[in-house]
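Here the structure comes first, spelled out in structure tokens, and everything after it is commentary.
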Amino acid sequence: MKEIWYRFSKNKLAMTGLLFISCFVLIALGAGWIAPFDPYALGTEMLGKPSIHHWLGTDQLGRDILSRIIYGARISLRVGVIAVGVALLIGATMGILAGYFGKWVDAIISRITDVLFSIPDILLALSIMAILGASTTNLMIAIGIVYTPIFARIARSAVLSIKSSLYIEAARSIGVGHIRIMLKHVLPNIMAPLIVQITLSFAFAILAEAALSFLGLGAEPDTPSWGTMLNEGKDWMESAWWIAVFPGLAITIAVLSFNILGDGLRDALDPKSNKH
Amino acid sequence: MLSYIVRRILVSIPVLFGISIVTFFMIRLVPGDTVTALLGTRYSEEQAIQLKAYYGLDKPLYIQYLIWIGNVLRGDLGRSSFSGDSVMQSIIERLPVTLELTLISVLIASLVGIPLGIWAAYRHNRLPDYMATFVGLLGISIPGFWLGTIFILLFALKLGWAPSSGYISFWENPLQNLHHMWMPGIALGAAVSAVVMRMTRSTMLEVLSEDYMKMARAKGMSPLRLLTRHALKNAMIPIITVLGIQIGYLIGGSVVIEQIFSLPGIGRLALQAITNRDYALMQGTILFVGFCFVVINLIVDILYSILNPKIRY
């Protein structure tokens, strides 16, 4: 663990990513204290330019954009945590079962993941949203389902690589049950690739939430979600560029930080990949 | 080779079957009955009876599936509940736009991503490498729809270099067509360029450290010849695979990009189907896109085996 942290902390770019993510989480959690205005409060100054009073300007209803972006971090974080949680829970379970039991269990699970992989993620998420109806909760479920197969594949291949290890054989030979082996011996040893994927999926989840909300099939219209803000802002591009530009910048910085962290974690957890 | 191709095709069949099951059951999951799902809320009794007979809705589920898949195999994907048009016809009409958009994006991705990746690998751990790595990370992080919006603001509204929306067929006026398509193409291709760049960089690094590369260098081969003749040829397989996988992403990404630039492609059609709750159209487009994805993967895998004869099942 110490060695991993040492390797990670030497990667300046990854550390910057971690710093940004920490800020992102703190902003999301402390939105109520940090935001200068109520994100829903309608103001008198509509389409106001960035100024000392409203740092990032105001939107077509006079709402403060900075405050809405700060609250938007909260929505992105929540969607990320729950969607990735759903994907990890279902996906890793499927992958472990497929890799551990092999044979028909593997065949069925692998075909399910193949099918889900064949439908582009945005289209699959949109269809699930069309069936479930647009709301932030359904959005989290939809994104979670979309990213389930990637966790299943990663967990499966990780299990396959350790399945015939001595410690697993030993546990099996002394009569340890399948579930106990999977939880106590398999899971801890496949965590490295899963952790990297969790970080990268967080980036995907933020992007997917923004894309779906942008298309009007994500968060409810009034919600200060980054995607919804961008969607509203695009109609005012000519007269008030700041409404769409700043939320987009927030998405890019958040996604970039998670991607950088993911890359850094991969290098730290798998020193072999670091040789390049 | 032929037996590999046949086997590879056979492996695709269960996946296609799976996609058909998912799309079939998708509309059965919609709250309310299937007739309302397929016809919307305003329909006559006669239409309902006709539809029930057509899809065999009073029969058991597996018979319904067989009837539906039978129609699909004959190229009949049903009719849009919104416009009444044939779903297959609508897809065929919209296909060229999405195909062109995808092609432009793949072209941009290859022309930008591959050279940049080679350059980064060749100048490993130097400024060009760091810059390319960061640009690559930035490329996969910028939302395509935001990039598209910025492009419209900058190039269409401020500079007037391209129209902000609309489409003219390539066969009607090739120049006008490209004038309309370059912006959406770049907006969609940016992320793919970044992915291709990252993949090219890492595989080239691996190839460049091989013994035969050292040998070639020792023999005094010029860097250009070394990179293009020896290294790139061996690095092409993962790059092609990534490009193949990205085509699926591009079809998904086209949903958003076509919407922003008002391009009448499949992505926009799917989005219209989804927002109008036009389930027959939704089912048809998803089935079609899934089918295309499987076929593209199949082609990539076959290409793969031609490039590297060592790869076999």
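Order of the sequence lines fixes the chain letters, A, B, ..., with proteins taken first and strands second; residue numbering starts at 1 for each chain.
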| field | Contacts of residues 211-219 of chain A with chain B (heavy atom under 4.5 Å) | value | A:Ala211, A:Phe214, A:Leu215, A:Leu217
| Hey, are the side chains of B:Met282 and A:Leu123 touching, using non-hydrogen atoms and a 4.5 Å cut-off? | no
| task | State, to 0.1 Å, how close A:Glu238 and B:Lys158 come at their nearest heavy-atom pair, and which atoms those are. | result | O-NZ, 4.4 Å
| query | Listed by residue number, which members of residues 103-119 of chain A have a heavy atom under 4.5 Å from any heavy atom of chain B? | reply | A:Arg111, A:Asp114, A:Val115, A:Phe117, A:Ser118, A:Ile119
| query | Taking the side chain from B:Trp146 and the backbone from A:Thr252, do they hold a donor-acceptor pair closer than 3.5 Å? | reply | no
| field | Straight-line distance of A:Asp263 CG to B:Arg198 CZ, nearest 0.5 Å | value | 4.0 Å
| said: I need the residue from B:Ile251, B:Val255, B:Ile140, B:Leu287 with the largest number of non-hydrogen atom pairs under 4.5 Å to chain A. | reply: B:Ile140
| query | Is there a side-chain contact (heavy atoms from CB on, under 4.5 Å) between B:Ile152 and A:Met237 once you walk through the steps? | reply | CA-CA 9 Å; B:Ile152 291 181; A:Met237 275 309 262; 5.9 Å; no
| request: Pick whichever of A:Leu13, A:Val245, A:Ile122 has the most heavy-atom pairs under 4.5 Å with chain B. | output: A:Val245
| Closest approach of B:Ile274 and A:Ser127, non-hydrogen atoms and distance? | CD1-N, 4.0 Å
| message | Tell me if the CZ atom of A:Phe20 is crowded by more than 12 foreign heavy atoms within 6.0 Å. | response | no
| request: Check each atom of B:Val22 against the heavy atoms of chain A and say whether the ones under 4.5 Å are side chain, backbone, both or neither. | output: side chain
| note | Cut-off 4.5 Å, heavy atoms of chain A, and the answer for B:Val294 is side chain
| field | Contact leader toward chain A among B:Phe291, B:Phe145, B:Phe134, where contacts are heavy-atom pairs under 4.5 Å | value | B:Phe145
| message | Is B:Leu271 close to chain A through its backbone or its side chain, or both, or neither, when contacts mean heavy atoms under 4.5 Å? | response | side chain
| field | Which portion of B:Ile260 sits near chain A, non-hydrogen atoms under 4.5 angstrom | value | side chain
| task | Taking all heavy atoms of B:Ser141 and all of A:Leu256, pick out the closest pair and write down the distance. | result | OG-CA, 3.2 Å
| field | Atom pair CG (A:Leu124) and CD1 (B:Ile286), whose distance is rounded to the nearest 0.5 Å | value | 7.5 Å
| task | Please flag which part of A:Asn231 lies under 4.5 Å from any non-hydrogen atom of chain B: side chain, backbone, both or neither. | result | neither
